[in-house]
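Structure first, then comments.
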Amino acid sequence: MPEKKQGKLLCVDDLRHAEYYHMQNTFDDLYARSLANETFTDLMDIILSRENILLAYRNIKSNHGSRTPGTDKLDIRDIGRLQPDEVVGKVRYIVAGTPHGYRPKPVRRKDIPKPNGTTRPLGIPCIWDRLIQQCIKQVMEPICEAKFSDNSYGFRPQRSVEHAIQSTYRLIQRSHLHYIVEFDIKGFFDNVNHAKLIRQIWAMGIHDTHLIYVVRKILTAPIKMPDGSMEYPNKGTPQGGIISPLLANIVLNELDHWVDSQWQKHPVTRKYSTRQNKAGCEILSNGYTAMKLTNLKEMRIVRYADDFRIFCRTKTDAEKAMIAITQWLQERLKLEVSPEKTRVVNVKRRYSEFLGFKIKTYPKGNKRVVKSHICDKALKKQKQRFIEQAKNVAKPRPGKEEIDEIKLYNSMVMGTQNYYKIATMVATDCDGLNRSVMTIFTNRLHRQRGSRLVRHGRKLTDIEYRLYGKSASIRYLAGSGEPIYPIGYVQHKNPIAKRRTVNPYTPEGRKEIHDSLGINLRLMWELMRSPLHGKSAEFADNRISLFSAQWGKCAITGKSFCSTSDIHCHHKTPKSKGGTDAYCNLVLVLEPVHKLIHATEPSIISKYLQILDLSEKQLKKLNYLRTLLNIEKIAT
C-alpha cells in the first residue's frame, strides 16, 4: 500500500470524489474516445451505474443549494436518509422503469432581483431530478470537454473568471487588439432553441437516443410559477438546473469555433511552423504574420457562459465582426442580440466592461498597458451590501448574534477581495468602500456604548495574519475581540493564465492539480461496494470519506486496515441519543478497538487492552470516545 505523502497535497474535490467511486478511469476513457471522434450509443448504462449515481449524490450533497426544496418539498437530506441501493433503485426507476418514460416533476420558479431593478428567473428542479441531471452531467462533460474551444472559460472544470480576465489583458496589452465588441444576447437561457441544441448534442457524437429523450424531457419540464399556474416551455434551459450551464456551453461552442476559424484556427496557420510555450499554448505567430498580408479580419473571442467579447485590431474589423456575428447568431442559433447593449469600444479611449471589471489601456513609456477597475454597477452594489451588513453588525438581526454578523461581514470582505484583486486599481476602489463602511461602524457602534472599535483583540489565525496582520486599518470589536477585516487592505494580483497542459480527464493533465489519494484504493472500492443493511446513503458516503481522510488506517491505533471486515464505523454520539450519520459524528476503527470503546465489563476491557497494547496517547484518544458515550474512562 502506498505510504502517506509528505508535504502539501494538491487536491481537487471533483477528482477526489471520482476516485472514491472508481469513476475516473471511465471519464478518462470517454474523453479519449471523444477526442478520437467516436460516437456514443450506450451512455445510459454508465449514467445509471451504481457508482455514477452515488458519485452524483456525493457531488451535490455539499452544495448549499441542495437543501433548497423543489415543488415536492424534498431536499438532499431526504435522499441521504435512504439506503444506497434504494437511492440507486429509485433513480433507475424514475429514468427507465416507469411505463410512460422519464417525466421530470414541475420546476419551481423563483425570481432573483438584479442590480438594474429587473429580475432573473430561476428554475429550481425537484431534488430527484437534480440528482438525475448530475448523473447525466458527469458522463456528458468529459465528452463535451474534448470538443470545447480553449477560449471558453465559464462553468468548465479547471477554468475560471481569472483565466478569462487574463486572456482579456493579454489580447489588449500584448496582442494590441484595442477594439472590443461587447455583445449582449437577449435572455439567452430563456431562448435556447431546443431542436438546435439536440442537433448540437448529436454532432458531438452523443447518439444515445434514450439519453437524448431524457435531455428533451428536462428541457420541456413544466414550470410552476409563484402564483401556482403552470407553464410549458418550448425553448430555453432553466437557470438553476445542474445541467443547464453545460447545455449553454454546447449551444455557444459552435460560435466559439466559428470565430476561431476566422483567424486563430484559420487553415492558413497550419501551413507554417508552430511551437508551444510554457503554459502549453500553441504559438502560431508565423501563420498570423502571413495572414496579416491578406484581407482576412483579425478577431479573437473570450467567452464566459453567455457573456463574450470579440477583440479586433481596427475599428472597421470590429464593426464588420459585430454585424457578421449578430447575423450568425440569429441565423444559426436563433438567438437575438440586444442592439442597445451591443457596441464597439476603443479601449484606448473608453472603458470596456466584462465580468464585473471595467478595462482600458493607458500610455506608459513607449507602450500601452492595461488599467482596470471594479465596474461602476458592481462597485455600487458592493457598497450597498457592505453598508447593510455593517449596520447588521451594529444591530444584529433577530436570531443572530453579533459575532455571527461579524463573521458574515468578514466572509464578504474576503470574497470581494478574492474576486476583484485581479483589477489593477482594486486598492483604490476598495479604499473608497472602506471609508464608507468604517463611517457606519464608527458612528453606529459609538452611538451604542461609546467607542467599541479597538486596535487589539484575539490572536489572528495564520490565514488572517497573512492577509491582514500587517494592516494598520484592522480593528477589533471591544468585548468579543473579534477582528473586522479591512476591505481597503488588498493588493493587486496578476491574473494567472489557464495552463493548457492541465486536464482533469488525462493522468498527465491531473499531475499539476491533483495528487493520487495515496491509499489502498482497492480496499476503498471494496468498502464502497460492500452491502450496508439498514444504513443510510449519507453513512455510506461519509464512511468512504473517512477512509481517505484517515489514510486507510484506524483512528486510534494507526494500523492499516487490511480487509473490509476490519473496518468498523463508530458513531461518536449514538443514534439512540440523537446522533446522526454526519461526517463529524463518525470515525473508523479496528474491530477490537470498537469493542473496547463500548466495553464495560472489566474482564472484556482487560482482554482487549492486552490484545491491542495501546500507548498512553492511543488510550487517551480511546477514552475521549468513551466519554462521549458517558462510559467510564479506562485507567492508564
Side-chain angles (χ1 to χ4, degrees), residues 13-14 17-18 20-21 23 44 47-98 100-112 121-141 155 189 211 214-226 228 230-231 233 237-247 532 535-542 544-545 580-583:
D13 283 345
D14 287 348
H17 299 166
Y20 287 172
Y21 286 94
M23 289 297 294
M44 287 306 294
I47 289 169
L48 296 180
S49 66
R50 184 180 191 274
E51 290 79 6
N52 190 59
I53 292 171
L54 295 179
L55 172 61
Y57 166 75
R58 167 77 197 206
N59 280 332
I60 68 174
K61 78 167 189 177
S62 58
N63 187 335
H64 291 301
S66 64
R67 295 197 173 193
T68 303
T71 54
D72 61 358
K73 309 299 183 184
L74 301 178
D75 62 35
I76 195 65
R77 291 168 291 189
D78 295 291
I79 294 179
R81 294 187 194 101
L82 301 177
Q83 296 179 40
D85 288 340
E86 287 182 297
V87 175
V88 173
K90 180 83 180 266
V91 169
R92 288 173 177 172
Y93 178 76
I94 293 172
V95 174
T98 57
H100 50 67
Y102 176 58
R103 289 185 183 177
K105 291 184 178 180
V107 173
R108 181 164 70 90
R109 170 63 63 86
K110 184 175 182 180
D111 293 323
I112 306 299
L122 197 67
I124 304 172
C126 293
I127 191 62
W128 283 104
D129 293 320
R130 272 179 270 174
L131 184 62
I132 290 165
Q133 289 189 29
Q134 179 67 28
C135 291
I136 295 171
K137 175 182 177 290
Q138 288 167 181
V139 173
M140 283 184 60
E141 190 168 67
F155 305 110
F189 284 94
L211 172 57
V214 171
V215 171
R216 279 186 181 275
K217 287 297 183 180
I218 291 171
L219 293 171
T220 56
I223 302 171
K224 187 174 183 179
M225 307 302 288
M230 301 291 286
E231 287 190 1
T237 62
Q239 293 188 67
I242 287 176
I243 201 173
S244 294
L246 177 62
L247 297 180
L532 284 168
K535 300 294 186 181
S536 69
E538 183 182 16
F539 176 90
D541 182 68
N542 288 332
I544 301 169
S545 297
T580 68
D581 289 333
Y583 178 88

Take Phe539 and Leu532, measure what side chain to side chain contact (heavy atoms under 4.5 Å, CB included) needs, and give me the verdict at the end.
CA-CA 9 Å; Phe539 176 90; Leu532 284 168; 4.0 Å; yes
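- Using modelled atom types, no side-chain atom of Arg108 and backbone atom of Gly123 make a donor-acceptor pair closer than 3.5 Å.
- Residues Asp581 and Ser536 share a closest heavy-atom pair of OD2-OG, 2.7 Å.
- Residues Cys126 and Pro106 share a closest heavy-atom pair of SG-O, 3.9 Å.
- Salt-bridge check for Asp75 with Arg67: failed, with every basic side-chain N at 4.0 Å or more from each acidic carboxylate O.
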Could you go through Thr98 and Ile94, starting from their C-alpha distance and side-chain angles, then the distance that decides it, and tell me whether this counts as side chain to side chain contact (heavy atoms under 4.5 Å, CB included)?
CA-CA 6 Å; Thr98 57; Ile94 293 172; 5.8 Å; no
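- Using a 4.5 Å heavy-atom threshold, the side chains of Asp541 and Tyr583 count as separate.
- With sequence neighbours left out, the salt bridge (charged side-chain N to carboxylate O under 4.0 Å, His left out) criterion links Arg103 to no other residue.
- A donor-acceptor pair is defined here as one N or O able to donate and one able to accept, closer than 3.5 Å; such a pair exists between the side chain of Glu86 and the backbone of Gln83.
- Heavy-atom contacts from other residues, nucleotides or ligands closer than 6.0 Å to CZ of Arg216 number 12 or fewer.
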Let me see the working for Asn59 and Tyr21 under side chain to side chain donor-acceptor pair (under 3.5 Å), right down to the final yes or no.
CA-CA 11 Å; Asn59 280 332; Tyr21 286 94; over 6 Å; no
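- Residues Pro226 and Arg109 are in side-chain contact: their nearest non-hydrogen atoms beyond the backbone lie under 4.5 Å apart.
- Between the CD atom in Gln133 and the CD atom in Gln138 there is a gap of 12.0 Å [rounded to 0.5 Å].
- Here the CD-CD1 distance, from Glu141 to Ile136, works out to 13.0 Å after rounding to the nearest 0.5 Å.
- Judged purely by atom type and a 3.5 angstrom limit, Asp78 has no side-chain atom pairing as donor or acceptor with the backbone of Leu74.
- One finds the OG atom of Ser244 at 9.5 Å from the CG atom of Leu122 (value rounded to the nearest 0.5 Å).
- Here the CD1 atom belonging to Ile76 is positioned 9.5 Å from the CD atom belonging to Glu538, to the nearest 0.5 angstrom.
- For the pair Met140/Leu246, a side-chain contact is recorded, criterion being any heavy-atom separation below 4.5 Å from C-beta on.
- Closest non-hydrogen pair, Pro245 versus Gly241, comes out as CD-O, 3.5 Å.
- Salt-bridge annotation for Lys105 and Asp129: absent, with no side-chain N of the basic residue lying under 4.0 Å from a carboxylate O of the acidic one.
- Taking CZ of Phe155 as the start and CG of Leu247 as the end, the distance is 12.5 Å to the nearest 0.5 Å.
- Considering CD1 of Ile132 and CD1 of Ile53, their distance stands at 8.5 Å, rounded to 0.5 Å.
- Heavy atoms only, all atoms of each residue included: Leu48 and Ala96 are closest at CD1-CB, 4.3 Å.
- Here the side chain of Ser66 pairs a donor or acceptor atom with the backbone of Ile60 at under 3.5 angstrom.
- Closest of all the heavy-atom pairs between Arg50 and Pro84 is NH2-CB, 3.8 Å.
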Step by step, work out the side chain to side chain contact (heavy atoms under 4.5 Å, CB included) result for Gln134 and Ile243.
CA-CA 7 Å; Gln134 179 67 28; Ile243 201 173; over 6 Å; no
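- At least one cation-pi condition fails for Lys90 and Tyr93: the charged atom is not both under 6.0 angstrom from the six-membered ring centre and inside a 45 degree cone around its axis.
- Taking each heavy atom of Val91 and Trp128 in turn, the nearest pair found is CG2-CZ3, 3.8 Å.
- The environment of NZ in Lys61 is crowded: more than 12 heavy-atom neighbours from other residues, nucleotides or ligands sit within 6.0 Å.
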Between Ile127 and Ile79, is a side chain to side chain contact (heavy atoms under 4.5 Å, CB included) present by the stated rule, with each step listed?
CA-CA 8 Å; Ile127 191 62; Ile79 294 179; 3.7 Å; yes
